[in-house]
There are 2 protein chains.
Amino acid sequence: MNQLEAMRIFVRVAEAASFTQAAQALGLPKASASIAIQWLENLTGTRLLHRTTRRVQITQDGQVFYERCKDLVADMEELQELFRLHPSDLQGRLRVDMSVGAASNIVVPRLPEFMAIYPNIDIELSASDHFVDVIGEGFDCVLRAGNITDSSLIARRLGAYRLINCMSSTYAANHGTPQTLDDLKNHTLIHYSLGFGAKPTGFEYVDSLTGEPLHVPVTGSLTVNNSSAYLAACLAGLGIIQGPEPGLRPHIDNGSLIEILPEYQAAPLPVTLLYGNRRHVPKRVQVFMAWLEKTMKPQLES
Amino acid sequence: MNQLEAMRIFVRVAEAASFTQAAQALGLPKASASIAIQWLENLTGTRLLHRTTRRVQITQDGQVFYERCKDLVADMEELQELFRLHPSDLQGRLRVDMSVGAASNIVVPRLPEFMAIYPNIDIELSASDHFVDVIGEGFDCVLRAGNITDSSLIARRLGAYRLINCMSSTYAANHGTPQTLDDLKNHTLIHYSLGFGAKPTGFEYVDSLTGEPLHVPVTGSLTVNNSSAYLAACLAGLGIIQGPEPGLRPHIDNGSLIEILPEYQAAPLPVTLLYGNRRHVPKRVQVFMAWLEKTMKPQLES
DNA sequence: TATGACTGTTCAATAAATCTAAATAATAAT
DNA sequence: ATTATTATTTAGATTTATTGAACAGTCATA
């Protein structure tokens with residue numbers, strides 16, 4: 001049995017409090033995770049995880065062991081990369097998550113550049129519009145828009161999306177183009193919400209002169225929790241949307257969408273890069289985050 | 001490949017500057033050592049050891065890697081033993097070297113006590129009368145009599161052997177028993193020397209009243225580099241020997257040897273426990289050294 | 001210069017481990 | 001109760017590691 005590998009597995013299992021999730025994040029069968037922990041427990045002579053078939057929780061000893069494991073595993077990783085001076089020498093797996101929009105509009109189109117520089121880094125790019133558990137699911141870093149609440153992570157602010165208002169040309173033909181915020185009352189606004197339980201709150205604007213926040217309640221009955229469905233709804237002429245410029249700009253340019261009320265801007269949506277609070281961040285993660293920042297910057301303001 | 005195991009092998013190979021010696025010390029074929037180093041070099045992307053078929057020398061990178069490896073391997077070992085509170089939980093292999101005399105007269109007879117307390121510690125006891133390379137041959141600790149010159153090791157003084165003078169009863173019948181140091185001129189002294197090249201220098205004494213050193217040149221032609229041969233020569237009636245009391249006492253008690261000139265004592269022979277200058281000494285080595293000290297003490301003076 | 005002893009590497013057969021997949025057993029939620 | 005989920009076990013297939021012998025350099029000696 002590979003002790004180091006077993007320790008890596010243990011760290012993951014302890015963080016995710018789940019064999020299944022940890023195994024999935026590590027890309028190996030859950031049977032292996034199970035055996036690895038048993039082997040470690042046998043090695044240390046201590047029960048590290050108290051587990052029923054339904055719940056995994058760390059024991060007191062396990063907690064102590066976990067802290068030291070995390071450091072040692074990180075030290076090992078650092079040691080491996082000690083002599084990797086050239087980009088192409090960097091290797092290993094990178095697990096990243098970001099919104100569907102950021103992935104498909106900004107990152108993926110430019111990913112070939114990164115992969116050309118670092119051909120030996122394997123990338124697992126998860127694109128999802130719901131929040132993910134950075135630690136538990138084993139992501140090296142996660143790109144999020146909106147306000148961050150989880151303080152157990154290191155958050156690096158990259159900038160903010162400019163939010164613009166759009167309608168499709170077919171919708172414009174049917175309903176006309178609003179010129180003032182008041183006009184919006186006669187239009188259908190499509191709402192984007194992450195949690196289905198959350199009540200649609202309407203569109204928010206900042207008065208471009210006074211800086212005062214303005215609120216326009218949502219009128220209309222469509223709420224969507226997925227950004228591509230949101231865009232699709234707008235393209236289908238179902239109503240007006242308010243979203244990050246980078247994802248909408250191409251459709252404006254090709255004429256399928258029309259930007260409206262450009263003088264009424266919503267407060268920009270902050271974009272943040274989150275990563276685990278580990279003592280040592282592997283070099284491959286460092287270079288990816290640097291590249292991601294460089295790539296995102298031109299699309300962001302402030 | 002087991003990274004940790006590879007690192008252990010690398011540390012050994014680097015210290016011994018030899019694949020063959022390191023492999024032997026670790027109890028595995030040299031092919032494994034060779035492969036492990038290659039695997040590590042591939043992992044780090046750096047040449048760690050510059051090797052011809054006849055010489056192994058560490059590279060600059062290898063030196064850096066070595067320092068960190070040594071620490072990490074020690075940390076790992078410490079981690080394993082974190083939860084081992086009970087003696088019987090301690091496990092692993094212990095490589096020890098001492099003189100043939102100390103081994104057969106003092107340590108081995110009492111070793112069952114140690115093995116009863118720590119049944120899961122495997123002991124490799126090397127008994128040799130020549131000096132050994134503690135680091136290079138991978139010994140956890142070494143017990144030596146005489147003056148220690150190697151300052152790269154940690155030396156713990158346990159005490160000193162009282163040196164006594166003996167002859168066999170048959171020799172006494174043939175040649176009589178000397179009563180003064182001057183009488184020794186008419187007797188045959190058997191000399192003990194580690195290196196065959198070293199010139200026999202005679203017996204040394206300390207005047208019990210004045211504390212002045214007294215020298216009696218060796219008369220006789222037998223020099224031996226092995227303590228059991230030394231004793232055997234005396235038992236065979238070939239002459240007078242001067243040696244550590246613990247090894248001779250049993251033969252005096254059963255009448256086959258006779259202690260002579262008890263009022264003329266040689267300077268006691270210091271007994272030292274040597275171990276590698278590692279940041280972390282495994283617990284199993286600690287407990288063995290503590291036991292060894294306790295066991296040796298009654299046999300030593302000062 | 002040739003020989004002999006010693007060393008690190010290679011290689012193919014063997015041994016061991018891991019993975020896959022499916023079945024099992026146990027628990028919390030419905 | 002029932003269902004869904006989870007950790008564990010099991011067995012065969014596959015991959016990987018180990019090892020002892022053969023190989024190919026290198027240094028010391030004659």
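Within every chain, numbering begins at 1; the chains are lettered A, B, ... in the order of the sequence lines, protein sequences first and strands thereafter.
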Trainee: Tell me which of B/Ile35 and B/Lys30 sits closer to the 5' end of DNA chain D, going by the nucleotide each one is nearest to.
Mentor: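 Counting from the 5' end, the first nearest nucleotide belongs to B/Ile35.
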Trainee: Rounded to the nearest Å, what distance is computed from the CD1 atom of residue B/Ile9 to the P atom of nucleotide C/dT9?
Mentor: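 Checked: the CD1 to P distance equals 13 Å.
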Trainee: Of all the choices, D/dA7, C/dG8, D/dT9, which nucleotide is nearest to the side chain of B/Ser34 once you look at every atom?
Mentor: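 Looking only at heavy atoms from C-beta outward on B/Ser34, the closest nucleotide is C/dG8.
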Trainee: For side chain to side chain donor-acceptor pair (under 3.5 Å), just list the numbers for B/Gln3 and A/Gln80, CA-CA rounded to whole Å, side-chain angles, deciding distance to a tenth of an Å, and then say yes or no.
Mentor: CA-CA 10 Å; B/Gln3 179 173 355; A/Gln80 278 178 44; 3.2 Å; yes
Trainee: Give the rounded distance in Å between these two atoms: CG of A/Leu28 and C1' of D/dA7.
Mentor: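 From A/Leu28 CG to D/dA7 C1': 15 Å.
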Trainee: Should the heavy atoms of other residues, nucleotides or ligands under 6.0 Å from CZ of B/Arg55 be counted, would the total exceed 12?
Mentor: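 No.
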Trainee: Taking all non-hydrogen atoms of both residues into account, name the closest pair between B/Arg68 and A/Asp75 and its distance.
Mentor: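 Between these two residues, the closest heavy atoms are NH2-O, 4.5 Å.
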Trainee: Using the closest heavy atom to pick a nucleotide of DNA chain D for each, name whichever of A/Gln38 or A/Arg55 lands nearer the 5' end.
Mentor: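 Taking each residue's closest nucleotide, the earlier one in sequence belongs to A/Arg55.
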Trainee: Nearest of D/dG20, C/dC19, D/dT18 to any side-chain atom of B/Ser32?
Mentor: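 Ranking D/dG20, C/dC19, D/dT18 by closest atom to the B/Ser32 side chain puts D/dT18 first.
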Trainee: Let me know the distance between CD1 of A/Ile37 and P of D/dT9, rounded to the nearest Å.
Mentor: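 It is 13 Å, rounded to the nearest whole Å.
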Trainee: Report the distance from atom CD of A/Glu41 to atom P of D/dA7, rounded to the nearest whole Å.
Mentor: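 Distance check: A/Glu41 CD to D/dA7 P gives 13 Å.
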Trainee: Strictly by modelled atom types, are A/Tyr66 and A/Glu15 linked by a side-chain donor-acceptor pair under 3.5 Å?
Mentor: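 On atom types as modelled, these side chains qualify, holding a pair under 3.5 Å.
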Trainee: Reading DNA chain C from 5' onward, which residue's closest nucleotide shows up sooner: B/Val56 or A/Thr52?
Mentor: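 Result of the comparison: B/Val56.
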Trainee: Whole Å only: how far is the CD atom of A/Gln57 from the P atom of C/dT27?
Mentor: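 Between P of C/dT27 and CD of A/Gln57: 13 Å.
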Trainee: Measuring to OP1 and OP2 of C/dG8, would you say a side-chain N or O of B/Thr20 lies under 4.0 angstrom away?
Mentor: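 Checking C/dG8 against B/Thr20, a side-chain N or O does come within under 4.0 Å of OP1 or OP2.
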Trainee: Given atom CZ of A/Arg47 and atom C1' of D/dA7, what is their separation to the nearest angstrom?
Mentor: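 Going from CZ in A/Arg47 over to C1' in D/dA7 covers 11 Å.
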Trainee: Of the nucleotides C/dG8, D/dT8, C/dC11, which one has an atom closest to the side chain of B/Ala31?
Mentor: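 Among the listed nucleotides, the one closest to the side chain of B/Ala31 is C/dC11.
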Trainee: Report yes or no: do A/Gln91 and A/Glu81 form a side-chain donor-acceptor pair below 3.5 Å?
Mentor: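 Short answer, no.
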Trainee: In whole Å, what is the span from the CD atom of A/Gln24 to the C1' atom of D/dT5?
Mentor: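 Checked: the CD to C1' distance equals 14 Å.
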Trainee: Rounded to whole angstrom units, what separation is found between the NE2 atom of A/His50 and the C1' atom of D/dT8?
Mentor: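 Those two atoms, NE2 and C1', are 16 Å apart.
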Trainee: Which nucleotide sits closest to the side chain of A/Phe19: D/dT8, C/dT9, C/dC19?
Mentor: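 Taking heavy atoms from C-beta onward, the closest nucleotide is D/dT8.
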Trainee: Using only side-chain N and O atoms of B/Arg51, determine if any of them is under 4.0 Å from OP1 or OP2 of D/dT26.
Mentor: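 No, because none of the side-chain N or O atoms of B/Arg51 sits under 4.0 Å from OP1 or OP2 of D/dT26.
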Trainee: Output the single nucleotide from D/dT26, C/dC19, D/dG20 whose closest atom is nearest the side chain of A/Pro29.
Mentor: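 Closest of the options to the side chain of A/Pro29: C/dC19.
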